[in-house]
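Only one structure is covered here, and it is reproduced in the block below.
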Amino acid sequence: MYFYVINGPRRVGFGITKNPEGREKDYTGAWGYEAQFSALWYGNRRMVTTLEDTIKIMHRERLWHIDFWYTEWFEDLTLEQAIAFVEDIIQRTHLDLARTR
């Protein structure tokens with residue numbers, strides 16, 4: 001399983017996927033130009049979902065939200081800040097994830 005960070009047209013996003021190439025194509029189709037993950041980490045499903053849950057639950061204030069819907073887009077982080085933020089969570093929570101991109 002993979003955790004990714006992607007630089008979107010307006011914000012920096014994140015998510016999980018089993019198929020990075022297919023997920024990049026999903027973004028490409030939606031945006032109308034080639035999309036590529038800026039950072040990608042690999043690990044077992046539990047580690048990847050723990051990382052995503054940590055961001056969504058413990059760091060909710062960092063997420064862009066509309067009405068009551070919290071998205072998988074950071075509110076105010078640059079790409080570099082988002083990658084450093086994710087790396088910090090991985091290190092502090094001792095998640096066994098390896099960066100592959």
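Heavy atoms only: backbone and side chains are in, while hydrogens, waters and symmetry mates are out.
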Notebook entry, point to check: Would you call Asp53 and Lys56 a salt bridge, using N to O less than 4.0 angstrom?
Noted result: no
Check: Between Arg99 and Ala39, which heavy-atom pair has the shortest distance, and what is it?
Finding: NH2-CB, 3.6 Å
Check: Is Arg11 close enough and on-axis enough to Trp73, meaning under 6.0 Å and within 45°, for cation-pi?
Finding: no
Margin query: For Arg92, is the CZ atom crowded, meaning more than 12 foreign heavy atoms sit under 6.0 Å from it?
Written below: yes
Next item on the list: Drop me the distance from Glu21's CD to Gln36's CD, to the nearest 0.5 angstrom.
Entry: 10.0 Å
Margin query: Among residues at least two apart in sequence or on other chains, which ones pass ring pair (Phe, Tyr, Trp, His ring centres under 6.0 Å) with Tyr33?
Written below: Trp31
Next item on the list: Report, as yes or no, whether the 6.0 Å neighbourhood of atom CD on Glu34 holds more than 12 heavy atoms from other residues, nucleotides or ligands.
Entry: no
Item checked: CD-CG distance between Glu61 and Asp76, expressed to the nearest 0.5 angstrom -> 9.5 Å
Check: Can you list the other members of the hydrophobic cluster that holds Ile16, where links are side-chain heavy atoms under 4.5 angstrom apart?
Finding: Met1, Phe3, Val5, Val12, Phe14, Trp41, Met47, Val48, Leu51, Ile55, Leu63, Tyr70, Phe74, Leu77, Leu79, Ile83, Phe85, Val86, Ile89, Ile90, Leu95, Leu97
Checklist line | Over 12 foreign heavy atoms within 6.0 Å of CZ, Arg101 | finding: yes
Item checked: Residues, nucleotides or ligands: over 12 heavy atoms within 6.0 Å of Asp96 CG -> no
Next item on the list: Apply the test side chain to side chain contact (heavy atoms under 4.5 Å, CB included) to residues Glu52 and Glu72: give CA-CA distance (whole Å), side-chain angles for both, the deciding distance (0.1 Å), then the verdict.
Entry: CA-CA 9 Å; Glu52 185 181 50; Glu72 291 180 347; 3.1 Å; yes
Next item on the list: Kindly say whether Phe37 contributes a backbone atom to a donor-acceptor pair with the side chain of Glu24 at under 3.5 angstrom?
Entry: yes
